[in-house]
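Take this structure, written in structure tokens, and hold onto it; I'll ask about it next.
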Amino acid sequence: MRWRFVALSALAVVCAGLELVAGRGMSPGAVWDVLGGGGDATERHIFLQLRLPRMLVALGAGACLAMAGLILQSALRNPLAGPEVTGVTPGAVLGAVTATALGLAGWESPLAVVLAACAGGCAGALLLWLLVGRGGGDPAQTAVHGVLVSAVLGGLTAMVLLVEPGELGSVVQWLVGTTEGRVWEHWHLLWPWALVWGVAAWLLTGPLTLLRCGDDIAMSAGLSVRRARTLALMCAVALTAGAVAAVGALGFVGLLVPHLAMAVFGADLRVGLPGAALLGAIVVCGADAAAQLSSRLLAATLDSGRLTLPVGALTACLGAALLLAVVRRTPSRTF
């Protein structure tokens, strides 16, 4: 297990390095010069004020979404209980968009956006909780209600944008998910938020493991199921809200990365939760590097210097394809 963490940590370093050299405006040689203490003022500004915080935000947001997904799937005993399909991510987006439209928050103020996103994420989770009942419902029921709640919250977000169309340009990137334009202020807000709630989630790995075994077994072991599930959902909502406020609604990261973490690290959540965080960071950072490289190739091919492929579009396409492949390979499995 130790060597798996070492190998994945090395892969995370590789992905981070690729992201630092993948963007436009600087060549890989110029990046190396800046790392060596050289480079002109413009190159140092691009690297230190734009590329480096963007890379760190991608790592942190990926870790948050992966941990949130694993917590939700464990607490609700549902392999499809990712933040994207349980109302948490759409609720967080709705909260941030509504607060911005009302003038209560702005994208230049990440703290206000995080608070608004957290309130929206709690509302989305509460709505799903009321629909499926206190017991969490069976997996099929939770998945169906989660899709319905997400659709309703997405529709409300569209209505807010119709009322305030001037916000569309600044909000659409959060609807898709992107790390474009992330600066040190986003990182300084994200990392303590992720650290606090990540540690809180790790302290709940014991109860979460019992919840995965079923409510009857958990209660027979003396666990307060309702309290443990509520605390776990609070952690999942907070982690999702922090990620959404930083990079927007990245699709399928919180849904599929937990399955990969369970396959790599096993069912012990004391190991699986940090492993999921590491895998989520790798996936988002690697996808962002791939998106930047694809943007450069598309811009050169189409002769359009302003063409940008958001990382959320890439994760959504790849995640949907992977999910379809998994379902087709295991047609007898109940999701």
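No hydrogens, no waters, no symmetry mates; every other heavy atom, side chains included, goes into these values. Here, residue 1 is the first one in the sequence, and each next residue gets the next number.
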Within-4.5 Å side-chain heavy-atom neighbours: Phe252 and Leu318: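 Not in contact.
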Linked, directly or transitively: Met159 and Val149 (ILVMFWY side chains, under 4.5 Å):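 Linked within one cluster.
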Contact check, side chains of Gln292 and Glu180, non-hydrogen atoms, under 4.5 Å: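 The answer is no, as the side chains (C-beta and beyond) never meet within the 4.5 Å cut-off.
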Whether Trp197 side chain and Val237 backbone form a donor-acceptor pair below 3.5 Å: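 Judged by distance alone, no pair lies under 3.5 Å.
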Atom pair CG/CG of Leu72 and Leu76 - distance to nearest 0.5 Å: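 Rounded to the nearest 0.5 Å, the CG-CG separation comes out at 6.0 Å.
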Expected output: side-chain Arg182 to main-chain Val57 donor-acceptor under 3.5 Å: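 Checking the backbone N and O of Val57 against the side chain of Arg182, no donor-acceptor pair under 3.5 Å is found.
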Distance (rounded to the nearest 0.5 Å) between Leu65 CG and Leu256 CG: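 Nearest 0.5 Å value for the CG-CG distance: 12.0 Å.
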Heavy-atom side-chain proximity of Ser294 to Leu314 below 4.5 angstrom: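 No; the side chains remain at least 4.5 Å from each other.
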Exercise: identify the closest heavy-atom pair between Ala249 and Val93: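 Nearest heavy atoms, Ala249 then Val93: CB-CG2, 3.9 Å.
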From CA spacing to verdict: side-chain contact (heavy atoms from CB on, under 4.5 Å), Leu190, Cys64: CA-CA 9 Å; Leu190 178 61; Cys64 286; 4.3 Å; yes
Trp184 atom CH2: more than 12 heavy-atom contacts under 6.0 Å: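 Enclosed: over 12 neighbouring heavy atoms sit under 6.0 Å from CH2 of Trp184.
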Closest approach of Gly69 to Pro83 (non-hydrogen atoms, all atoms of both residues):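 Looking at all heavy atoms of both residues, the closest pair is CA-CD, 3.8 Å.
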Joint hydrophobic cluster, Val13 plus Val31, side-chain heavy atoms closer than 4.5 Å: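 Unlinked, Val13 and Val31 end up in two clusters.
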Exam field: side chain Thr157 to backbone Leu153, donor-acceptor pair closer than 3.5 Å: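 Yes, Thr157 side chain to Leu153 backbone: donor-acceptor pair under 3.5 Å.
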Pairwise side-chain contact, Ile71 with Leu239, heavy-atom cut-off 4.5 Å (strictly under):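 They are in side-chain contact.
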CE-CG distance between Met262 and Leu70, expressed to the nearest 0.5 angstrom: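 Going from the CE atom of Met262 to the CG atom of Leu70 covers 6.5 Å.
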Thr205 side chain to Trp202 backbone, donor-acceptor under 3.5 Å: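 Between the backbone of Trp202 and the side chain of Thr205 there is a qualifying donor-acceptor contact (under 3.5 Å).
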Counterpart residues, side chain to side chain donor-acceptor pair (under 3.5 Å), relative to Arg270 (two or more places apart):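 Here the qualifying residues are Asp268.
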Cluster link Val247 to Leu18, ILVMFWY, side chain under 4.5 Å: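 No.
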Atom pair OG1 (Thr209) and CG (Leu204), whose distance is rounded to the nearest 0.5 Å: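 That separation rounds to 10.5 Å.
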Over all atoms of both residues, closest heavy-atom pair of Arg296 and Ala22: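 What the structure gives for the nearest pair is CD-O, 2.9 Å.
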Heavy-atom donor-acceptor pair, Glu19 side chain to Arg51 backbone, under 3.5 Å: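 The answer is no, because no donor-acceptor pair under 3.5 Å joins these two groups.
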Side-chain touch Phe265/Arg4, heavy atoms, less than 4.5 angstrom: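 Yes, their side chains come closer than 4.5 Å.
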Contact check, side chains of Leu20 and Arg54, non-hydrogen atoms, under 4.5 Å: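 When only atoms from C-beta onward are counted, Arg54 and Leu20 do not touch, as no gap falls below 4.5 Å.
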Shared hydrophobic cluster, Leu56 / Leu279 (ILVMFWY, side-chain heavy atoms < 4.5 Å):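 Result: yes, single cluster for both.
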Taking every non-hydrogen atom, the tightest pair across Leu269 and Pro274: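 Looking at all heavy atoms of both residues, the shortest contact is O-CD, 4.0 Å.
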Test applied, side chain to side chain contact (heavy atoms under 4.5 Å, CB included); reference residue, Leu250; option that passes from Thr179, Val176, Val311, Val244: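 Between Leu250 and the candidates, side chain to side chain contact (heavy atoms under 4.5 Å, CB included) is satisfied uniquely by Val311.
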Pairwise distance CG(Leu278) to CG(Leu11) - rounded to 0.5 angstrom: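 Leu278 CG to Leu11 CG: 8.0 Å, rounded to 0.5 Å.
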Heavy-atom side-chain proximity of Pro79 to His259 below 4.5 angstrom: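 The answer is yes, as the side chains (C-beta and beyond) meet within the 4.5 Å cut-off.
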Taking every non-hydrogen atom, the tightest pair across Gly62 and Val284: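 Heavy atoms of Gly62 and Val284 come nearest at CA-CG2, 3.4 Å.
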In one Ile/Leu/Val/Met/Phe/Trp/Tyr side-chain cluster, 4.5 Å: Leu35, Met55: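 Yes; Met55 is reachable from Leu35 via cluster members.
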Closest non-hydrogen atom pair, Ala261 against Gly275: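 Closest approach of Ala261 to Gly275: CB-C, 4.5 Å.
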Leu211 and Ser74, any side-chain heavy atoms less than 4.5 Å apart: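 Not touching, per the 4.5 Å side-chain cut-off.
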SG-CG distance between Cys213 and Asp216, expressed to the nearest 0.5 angstrom: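 If I round to the nearest 0.5 Å, the distance is 11.5 Å.
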